[in-house]
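Step one of this worksheet: look at the structure below.
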Amino acid sequence: MTTMSMAGALNAALRDRMEHDPKVLVMGLDVGKLGGVFRITDGLQKDFGEDRVIDAPLGESGILGAAVGLAIRGYRPVCEIQFDGFVYPAFDQIVCQVAKFHNRSLGQVKMPITVRIPYGGGIGAVEHHSESPEAYFAHTAGLKVVTCANPSDAHWMLRQSIDCDDPVIFFEPKRRYWAKGEVDLAGPSTPLHQARVVRPGRDVTLVAYGPMVATALDAARAAAADGHELEVLDLRSLSPIDTDTVVESVRKTGRLVVVHEASVSFGVGAEVAARVQERAFYSLEAPVLRVGGFDTPYPASRIEEEWLPDVDRILDAVDRTLAY
Amino acid sequence: MTTMSMAGALNAALRDRMEHDPKVLVMGLDVGKLGGVFRITDGLQKDFGEDRVIDAPLGESGILGAAVGLAIRGYRPVCEIQFDGFVYPAFDQIVCQVAKFHNRSLGQVKMPITVRIPYGGGIGAVEHHSESPEAYFAHTAGLKVVTCANPSDAHWMLRQSIDCDDPVIFFEPKRRYWAKGEVDLAGPSTPLHQARVVRPGRDVTLVAYGPMVATALDAARAAAADGHELEVLDLRSLSPIDTDTVVESVRKTGRLVVVHEASVSFGVGAEVAARVQERAFYSLEAPVLRVGGFDTPYPASRIEEEWLPDVDRILDAVDRTLAY
Amino acid sequence: MSLHGHVPPEPDLVQLLTPEGIRVEHPDFPLSITDDEIRSLYRDLALVRRFDGEATALQRQGELGLWASCLGQEAAQVGAGRALRKQDMAFPTYREHGVAWCKDVDPVTLLGMFRGVSLGGWNPNDNNFNLYTIVLGAQTLHAVGYAMGVVRDGAVGTGEADRDTAVMAFFGDGASSQGDVNEAFIWAAASNLPVVFYCQNNQWAISEAVERQTRVPLFQRASGFGFPGIRIDGNDVLACLAVSRVALNEARSGQGPTLIEAYTYRMGAHTTSDDPTRYRLSDELETWRLRDPIERVRAYLVREAGVEQSFFDEIDAESEELAVRIREACRQLVDPNPLSPFDQVYAEMTDELAEQRAGYATYIDSFESATDREEQVAR
Amino acid sequence: MSLHGHVPPEPDLVQLLTPEGIRVEHPDFPLSITDDEIRSLYRDLALVRRFDGEATALQRQGELGLWASCLGQEAAQVGAGRALRKQDMAFPTYREHGVAWCKDVDPVTLLGMFRGVSLGGWNPNDNNFNLYTIVLGAQTLHAVGYAMGVVRDGAVGTGEADRDTAVMAFFGDGASSQGDVNEAFIWAAASNLPVVFYCQNNQWAISEAVERQTRVPLFQRASGFGFPGIRIDGNDVLACLAVSRVALNEARSGQGPTLIEAYTYRMGAHTTSDDPTRYRLSDELETWRLRDPIERVRAYLVREAGVEQSFFDEIDAESEELAVRIREACRQLVDPNPLSPFDQVYAEMTDELAEQRAGYATYIDSFESATDREEQVAR
Ligand SMILES: Cc1ncc(C[n+]2csc(CCOP(=O)(O)OP(=O)(O)O)c2C)c(N)n1
Ligand SMILES: Cc1ncc(C[n+]2csc(CCOP(=O)(O)OP(=O)(O)O)c2C)c(N)n1
Ligand SMILES: [Mg+2]
Ligand SMILES: [Mg+2]
């Protein structure tokens with residue numbers, strides 16, 4: 001067991017995979033000397049050279065388009081998108097090429113591309129630096145979408161994503177980069193697409209992922225003081241979703257609240273709700289409730305804490321579901 | 001009342017708005033002499049000139065980016081995206097600029113931009129010509145997203161979209177372009193964001209939109225033969241969704257099946273299911289079921305009819321919901 | 001002083017064989033080629049045109065859903081294709097049937113996506129010919145990434161003829177306006193990649209004339225990015241071959257990217273769904289007929305190389321055989337299994353998708369027979 | 001012949017005032033300017049630097065969340081800004097504080113988004129200065145669309161000084177690699193739009209040196225698209241003013257687009273979040289200090305124009321006043337109402353959003369007082 005920040009755990013994962021496989025390349029803006037604006041690639045260019053840790057010309061479409069070509073040539077590119085709000089220029093390459101190429105080639109060409117995206121708010125940033133675009137990618141067939149909530153998952157899920165022969169959109173909760181945690185570098189690791197019960201409870205199931213897992217745990221602790229036992233699930237994988245684990249918990253609690261930062265409408269919460277009400281219809285004692293960002297653009301940072309789901313808004317939903 | 005094809009009704013709407021307001025411009029690929037690959041802009045350049053019906057250089061980002069600048073200058077651009085699968089190069093301009101500009105300017109600059117997108121499958125086309133990307137846009141705050149299912153709505157909803165001071169993504173079910181119907185050019189018209197009951201029934205509510213409305217009606221007729229009265233709703237507006245109308249119907253029938261061509265996961269059906277199970281929890285006698293495209297890239301056209309929801313798959317879901 | 005108003009001179013275009021079939025020399029691009037080689041170029045041109053014509057016919061007969069004909073662009077494609085070495089990688093659009101031919105891709109392979117039985121389906125690494133790319137310009141960035149891999153693999157500038165590798169990215173005059181193509185120029189220049197950008201300016205992007213995209217010749221675009229650009233007579237297979245060879249050699253030897261503008265003409269419709277009479281005049285077509293890429297080679301062979309009629313008869317016979325084979329093979333292309341869309345989405349299928357597949361399989365089985373199904377629909 | 005290996009000559013850069021403050025003539029860009037005008041340029045430069053420095057200080061004090069300093073680029077921005085007429089529209093990035101100043105935008109207005117109390121919030125049409133655009137390059141296409149509107153409004157080539165309108169699109173050396181910027185070039189050229197593309201090449205895109213983006217001078221990019229490009233000394237306010245005037249005049253008169261590359265240097269960090277010591281050497285900074293855009297004007301005024309110390313003292317005093325006003329006004333910028341995010345999403349708010357807003361309002365009211373809330377959180 002080693003104590004690491006999430007940033008350090010991600011850096012170690014990249015280093016590990018690069019040492020393990022010379023076909024693994026890191027590419028993005030400022031990932032070289034600077035080590036990325038969040039220092040996730042810190043020191044990698046020094047140790048692996050400029051042709052394996054590539055400062056890309058300034059274009060996200062170029063980064064993903066080049067990644068496709070590298071994959072065709074047999075490489076495993078790990079692309080860094082500097083901030084969530086800047087992935088959109090690459091959206092066409094991701095949706096039409098990265099996600100579809102393996103299928104188009106009838107499985108003869110693999111797309112082992114990992115796209116790392118620091119996402120979410122709460123860091124007091126300017127516009128386009130606090131977004132949660134995960135639903136766009138989860139709705140895109142051919143992609144796998146995952147997100148980590150702690151240093152251990154950050155490390156192992158990134159390693160698994162890089163090892164995966166399919167394209168993985170890897171969302172990193174940037175506001176948790178500096179939180180420390182235990183990482184067992186020897187493994188073993190949980191399967192990439194498996195959800196995890198991070199706090200057991202019998203009254204209400206709370207599903208969260210990425211930056212909201214810590215908030216959900218705070219809410220669970222607060223609820224415990226009121227005598228309500230919340231079971232907190234870290235979804236970890238958004239596509240595919242580990243529906244069984246969620247349904248199993250709901251069968252027990254009969255109540256479900258889904259939490260995420262992204263605008264609530266057409267978000268991941270909608271898919272979770274749709275699946276659970278179908279798979280656990282008779283177990284539900286209350287409708288699935290969703291707590292998320294509002295259906296507005298991400299607000300000015302001085303009021304982002306009001307806009308983002310917090311302990312109070314989660315508890316408010318918990319009270320509502322218990323009131324049924 | 002005039003009998004028109006949907007294509008003709010759309011063309012008439014564009015002509016009407018261009019005559020009504022000199023600030024209305026049409027811009028896109030091949031919209032001039034050719035009249036668009038689907039002839040929706042047929043004859044407009046001849047009558048309104050090359051500076052109001054603009055054959056754009058070949059770049060979708062350019063089309064939407066230019067539209068933003070035109071809007072700042074006080075124009076009302078109507079952009080045509082040639083096929084659903086080619087909107088992605090413009091995704092960044094739509095999500096970061098078109099959708100956010102009004103908000104960023106604190107309401108001081110309006111974005112009365114209409115983006116027409118022929119969408120959906122069933123026309124035997126090659127890749128990228130049969131997609132249903134509506135959920136991406138519905139999840140984007142700041143946009144309004146609508147789709148028509150018949151010539152009358154095509155005409156009136158397009159007029160309303162062009163008149164709207166907000167950006168509207170206008171999805172046109174390309175496989176229904178040539179179906180004829182009655183259009184009352186004198187109006188009055190249904191509000192843009194209101195859903196419509198297109199066939200009343202008491203047993204099961206069937207929610208569809210765009211190309212699937214006709215299929216849903218066929219299914220309802222088939223079900224009637226078995227003595228099942230399906231109530232078919234045409235959603236019409238995907239963002240916002242007229243949840244009240246859907247909930248009202250479900251309160252009556254207790255059963256809901258949502259149908260769309262887009263991949264089922266994280267699609268519009270998920271949002272409808274999430275809302276209805278919350279708003280009509282005690283009325284539901286069965287879980288909300290979804291019938292949609294599978295979670296795969298759109299298939300080769302020779303098997304698209306197998307992949308797309310059809311009468312049988314809808315009836316299968318109806319049987320399942322009735323079996324509860 | 002005024003920044004504007006300087007009129008650039010009309011660019012000269014590299015030509016080695018005139019429309020009349022006269023062999024001319026170009027000071028910068030000498031080409032030593034035997035008449036036998038020119039005969040084999042003629043053979044490629046003729047067979048490609050025949051196969052392309054057959055595909056158009058198959059579409060008319062309903063065997064294909066769509067066809068994008070390369071009629072008129074055979075020289076541009078065969079010239080480039082013949083300059084490519086086995087190890088060189090080609091990134092085509094959807095119209096490079098002539099390049100596919102030179103890369104030994106069976107024409108029938110190309111028909112799958114146009115018939116609608118696949119989305120492409122071949123392995124780009126089998127013949128070093130990428131899948132057709134429909135989203136305009138996207139493949140130019142794929143070429144850039146592939147070239148980055150080539151460099152990292154040490155397959156540039158070694159001097160070993162069968163090791164040094166170049167990449168050729170094909171795109172059209174219309175696609176040149178896409179951001180992706182310009183980003184590809186930037187990446188290739190900044191990293192000095194072994195990419196030859198091959199733009200077939202066939203004067204049209206569906207109904208939009210090239211003037212809608214640019215007011216200066218497209219080959220000049222390269223100079224602004226810091227690499228050479230050149231315009232060639234795209235209907236002159238010798239010029240296309242000679243200039244492509246030079247550009248590819250320089251790419252393989254590590255001298256970086258080049259932009260070649262093959263000035264040609266789309267003699268047919270954009271695709272079988274298009275009706276060009278709505279937007280262009282027939283006399284334009286007439287002018288270009290006189291510049292036909294195949295006729296001039298034939299004229300040369302007859303007049304300058306004394307090739308007999310028998311040679312052409314053989315080619316015609318071979319063309320017929322090819323057409324027959326393609327026609328039959330096309331009809332044999334079977335529809336995929338309805339469950340196949342699930343099978344290649346991922347290299348590692350997800351449980352979720354496997355479940356969805358199983359559910360659909362059960363559903364299909366629930367229809368004992370096709371007839372039952374008809375009834376059910378008809379209920 | 002070889003396509004490659006032609007070494008282009010080093011471009012000369014238009015300069016009218018040397019780093020030492022010597023006024024020099026350029027054959028193509030004569031500038032008749034009085035010493036009074038140069039004094040007022042000095043005033044703008046000095047005030048912009050002071051205001052920019054104050055904003056940096058405010059960030060250190062926690063009054064701003066972030067600041068993107070224009071330190072070192074004052075001449076590039078004031079020169080261009082002063083060449084703009086009232087009716088000309090500017091499309092800035094996030095760093096054009098000097099242009100904003102010349103467009104009479106109150107510096108305090110710019111602070112809102114950096115403090116986090118707004119996302120911009122000003123009306124682009126008040127001063128013909130667009131909202132800051134953070135997504136690199138996006139604004140260049142907005143400039144193109146705006147210019148299309150200008151042309152349609154008949155505001156080009158009429159010869160009326162206060163009617164003819166030009167559009168200036170600002171972007172950086174890094175942004176020049178974005179597809180959008182190149183598409184903007186294509187549109188502006190193809191439609192001959194009145195857009196002056198003004199690229200401040202400050203040598204860096206965060207940690208990436210300009211060599212990562214291009215191997216030839218950026219101004220050359222324009223020629224490939226068919227319009228003029230020119231490089232100017234971006235630290236020479238006179239050159240920036242003179243060349244911008246010519247380009248804007250030619251745009252207004254209907255001669256189409258120009259690309260100006262203002263060759264300058266980002267003297268500070270990329271933003272207050274950046275640490276340049278990780279990627280660049282301090283002696284580079286030293287070299288550029290000697291080319292300071294303000295010092296040279298001061299030197300000129302003292303040596304050539306005999307301007308007294310009193311003038312500079314006045315400017316210093318005015319700068320102090322400005323700094324004080326900005327500091328106080330910044331502290332006064334209040335946080336928006338938590339319900340405000342709902343209010344400007346749409347011009348016509350949807351019932352759905354109104355409902356969501358109402359629900360949130362009720363929720364907020366449910367906390368009788370802030371203290372209650374603390375407790376609840378602390379439970
Ligand atoms: C991104 C994108 N937008 C639109 C289209 C639709 N489209 C297909 S071909 C074509 C014209 C392409 O012209 P050009 O690049 O000159 O190639 P050509 O067809 O002439 O060979 C268009 C607009 C597309 N395939 N991709
Ligand atoms: C599309 C996009 N990608 C990435 C970023 C993050 N980013 C902000 S500024 C910057 C560097 C820009 O450099 P340049 O264009 O030279 O402008 P400068 O900051 O030097 O003025 C980057 C990469 C962004 N804002 N937008
Ligand atoms: Mg073309
Ligand atoms: Mg810069």
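Letters go in sequence order (proteins before strands), and every chain restarts at 1.
Within the 4.5 angstrom heavy-atom criterion, no atom of A:Ala125 approaches chain D. For chain D, the nearby parts of A:Phe294 are the backbone and the side chain; heavy atoms of each come within less than 4.5 Å. Using a 4.5 Å cut-off between heavy atoms, D:Ile206 contacts chain A through both its backbone and its side chain. Contacts between D:Leu119 and chain A at a heavy-atom distance below 4.5 Å involve backbone atoms as well as side-chain atoms. Proximity to chain A (any heavy atom under 4.5 Å) is restricted, for D:Asn337, to the backbone atoms N, CA, C and O. Heavy atoms closer than 4.5 Å to chain A are found in the side chain of D:Ser340, but not in its backbone. Of the two parts of D:Ala138, neither the backbone nor the side chain holds a non-hydrogen atom closer than 4.5 Å to a non-hydrogen atom of chain A. Heavy atoms closer than 4.5 Å to chain D are found nowhere in A:Phe83, neither backbone nor side chain. Using a 4.5 Å cut-off between heavy atoms, D:Arg115 contacts chain A through both its backbone and its side chain. The parts of A:Glu60 that come within reach of chain D are both its backbone and its side chain, each placing non-hydrogen atoms under 4.5 angstrom from that chain. If you measure heavy-atom distances from A:Ile314 to chain D, you find no contacts under 4.5 Å at all.
Annotation for A:Leu34 and D:Arg278: closest pair O-NH2, 3.1 Å, computed over non-hydrogen atoms. Looking at every heavy atom in both residues, D:Gln213 comes nearest to A:Leu58 through OE1-N, 2.9 Å. Between D:Tyr360 and A:Glu306, the shortest heavy-atom contact is OH-O, 2.8 Å. Nearest approach of A:Gly28 to D:Glu208, heavy atoms of both residues: O-OE2, 3.9 Å. Here the closest heavy-atom approach between residue A:Ala300 and residue D:Ser118 is recorded as CB-N, 3.6 Å. Nearest heavy atoms, A:Arg39 versus D:Asp275: NH2-CB, 4.4 Å.
In terms of heavy-atom pairs under 4.5 Å with chain D, the best-connected choice from A:Gly35, A:Ala56, A:Ala224, A:Ser265 is A:Ala56. Of the listed residues (D:Leu353, D:Leu66, D:Val345, D:Asp335), the one with the most heavy-atom contacts under 4.5 Å to chain A is D:Asp335. Between chain D and the residues A:Ala219, A:Gly124, A:Ser301, the largest count of heavy-atom pairs under 4.5 Å involves A:Ser301. Among the candidates D:Gly120, D:Gly174, D:Gly65, the residue making the largest number of heavy-atom pairs closer than 4.5 Å to chain A is D:Gly174. Here D:Gln178 is the residue among D:Gln344, D:Gln178, D:His270 with the most heavy-atom pairs under 4.5 Å with chain A. Most heavy-atom pairs under 4.5 Å with chain D, from the set A:Val264, A:Val126, A:Asp316, A:Asp55: that is A:Asp55.
D:Arg357 CZ to A:Asp295 CG: the interatomic distance, rounded to the nearest 0.5 Å, is 14.5 Å. Here OG1 of A:Thr296 is found 11.0 Å from CG of D:Leu339. Values are rounded to the nearest 0.5 Å.
In this structure, D:Arg60 has no salt bridge (Lys or Arg N to Asp or Glu O under 4.0 Å) partners at least two apart in sequence or on a different chain.
Under a cut-off of 6.0 angstrom, the local environment of CG in A:Asp51 is crowded, with over 12 non-hydrogen atoms contributed by other residues, nucleotides or ligands. Crowding of A:Glu50 atom CD: a count of heavy atoms from other residues, nucleotides or ligands under 6.0 Å not exceeding 12.
For the side chain to side chain donor-acceptor pair (under 3.5 Å) condition, the pairs that include at least one residue of residues 77-89 of chain A, sequence neighbours left out, are A:Asp30-A:Gln82, A:Glu80-A:Arg116, A:Asp84-A:Lys174, A:Tyr88-A:Glu131.
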Test side chain to side chain contact (heavy atoms under 4.5 Å, CB included) applied to D:Tyr363 and A:Asp312, step by step: CA-CA 10 Å; D:Tyr363 166 81; A:Asp312 287 344; 3.0 Å; yes
D:Ile134 and A:His129: CA distance, side-chain angles, deciding distance, side chain to side chain contact (heavy atoms under 4.5 Å, CB included) verdict: CA-CA 10 Å; D:Ile134 292 173; A:His129 292 68; 3.8 Å; yes
